[in-house]
Amino acid sequence: MLNVAVRSLEAISESALLDAEVLLCLALDTTRSSLRAWPDKLIPSDQQQRFLALLKDRQQGTPIAYISGVREFWSRDFDVTPDVLIPRPDTELLVELSLNLIPLNQALNILDLGTGSGNIAITLAAERPASHVSASDSSSSALRIAERNAMKHDISNIQFYLSDWFASIPSGSFTLVVSNPPYIAENDAHLQQGDLRFEPYSALCAMENGLSAIRILADNARHYLEPDGHLLIEHGYDQQQSVTSIFEECHYKNIKTFTDLSGQPRVTYGQKPGSN
Ligand code: GLN
């Protein structure tokens, strides 16, 4: 049964075996290691039907994370639905850079804009429990998922805001502002491929060749950052120069771009000028 399923997924997935195993585990309510330990175990027919239904969703392209309802990020499981972007390994770079800027025991204020499933904000709140994290999204259905994830991980040093970028964020002074905003150009061919076809358009795409949200963020963040505060924004592999120019226009200092695990420029850093 598994082999037939794997073959049926090969045309649409680069990880057909893993996908089929994950779906079978969901249908059987078991783990991959016990699946491997008892490969010949007979499957009752109601569970076979369940597996076939899940397989059909996947054959039609539905991302595994939306079928299973979870995706791991920085070693924690996050609930996901089609209301939120699926957390990606690339974004762990943003978290790693953020953690390097925030000392463990200091009570600092962090702001995450466009939080989606809450993966960035919740990870930072969990790893830096003395800090206070504010997180916003313009989608109330996304915020519901983020709040659910905060409860799931027992996070209390976080506050959520329904906000169009900075619009409803109370004025304050943040040590760090982070965001993984929409940055794909509206005519980008990748949007017609793979998981991206199923993810929320507003979380993926931005006007001005994908740069409009990044421009809003960089322009406004300086009014919310404390002197010498830090801004970190994730962007597309081909946007390093444009994002650097935007940061320069907004007078950030020490601008630097960092590469992700596949060697692509992925996150740009800027620091608000000090008070003197
Ligand atoms: N990094 C994602 C991708 O290119 C897009 C996520 C985003 O727009 N923030 O698949």
Side-chain angles (χ1 to χ4, degrees), residues 12-15 19 61-66 71-74 78-98 111-124 135-139 141-143 145-146 149 163-166 176-218 220-221 231-244 246-247 257-270:
I12 67 111
S13 173
E14 285 168 10
S15 52
D19 291 6
T62 308
I64 284 285
Y66 290 155
R71 174 54 45 95
E72 186 183 307
F73 182 82
W74 204 271
F78 286 86
D79 288 5
V80 292
T81 71
D83 290 315
V84 298
L85 196 78
I86 301 167
R88 290 160 165 70
D90 298 339
T91 305
E92 294 189 338
L93 173 65
L94 190 65
V95 167
E96 189 182 330
L97 294 167
S98 300
L111 174 62
D112 171 34
L113 293 142
T115 198
S117 65
N119 59 316
I120 298 168
I122 290 167
T123 304
L124 295 180
S136 78
D137 208 285
S138 61
S139 151
S141 27
L143 271 191
I145 307 298
N149 279 319
S163 178
D164 182 13
W165 300 123
F166 291 88
L176 170 68
V177 174
V178 290
S179 183
N180 173 19
Y183 54 70
I184 299 178
E186 291 173 296
N187 57 0
D188 192 311
H190 291 102
L191 295 167
Q192 313 308 327
Q193 296 165 17
D195 288 1
L196 269 64
R197 292 167 300 163
F198 295 81
E199 293 182 286
Y201 187 81
S202 62
L204 292 171
C205 287
M207 292 180 296
E208 287 180 53
N209 258 336
L211 292 166
S212 62
I214 292 177
R215 196 181 296 283
I216 292 171
L217 287 165
N220 288 280
L231 174 65
L232 282 169
I233 298 185
E234 178 173 327
H235 54 72
Y237 68 95
D238 54 356
Q239 292 173 327
Q240 174 175 4
Q241 276 193 355
S242 323
V243 175
T244 300
I246 293 173
F247 276 39
T257 299
F258 296 84
T259 50
D260 64 20
L261 287 173
S262 25
Q264 305 281 11
R266 184 60 65 192
V267 173
T268 292
Y269 168 84

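One-based numbering along the sequence shown. Remember, predicted model here, so these are calculated numbers, not experimental data. Order of listing sets the numbers, starting from 1, for every ligand and every atom in it.
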| message | Suppose the criterion is salt bridge (Lys or Arg N to Asp or Glu O under 4.0 Å): which pairs have a residue in residues 198-209, not counting sequence neighbours? | response |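 Qualifying pairs: R88-E199, E208-R215.
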| message | With a sphere of 6.0 Å drawn around CD of E14, does it hold more than 12 non-hydrogen atoms of other residues, nucleotides or ligands? | response |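 No.
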| query | Is the number of heavy atoms from other residues, nucleotides or ligands under 6.0 Å of D260 CG greater than 12? | reply |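 Counting neighbours around CG of D260, more than 12 heavy atoms of other residues, nucleotides or ligands fall under 6.0 Å, so yes.
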| said: Using a 4.0 Å cut-off on heavy atoms, what residues surround ligand 1? Order them by chain and number. | reply: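 These residues qualify: L85, R88, N180, P181, P182, Y183, I184, L196, A203, L204, E234.
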| said: Go through it in stages, so that I can follow the logic: the residues are F166 and L111, the test is side chain to side chain contact (heavy atoms under 4.5 Å, CB included), and I'd like the CA-CA distance, side-chain angles, deciding distance and then a yes or no. | reply: CA-CA 10 Å; F166 291 88; L111 174 62; 3.8 Å; yes
| side-chain contact (heavy atoms from CB on, under 4.5 Å) against A146, all qualifying residues, sequence neighbours excluded |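 By the side-chain contact (heavy atoms from CB on, under 4.5 Å) rule, A146 matches T115, F160.
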| query | Residues two or more places apart in sequence or in another chain: which of them pass side-chain contact (heavy atoms from CB on, under 4.5 Å) with S138? | reply |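 side-chain contact (heavy atoms from CB on, under 4.5 Å) check on S138 returns nothing, list empty.
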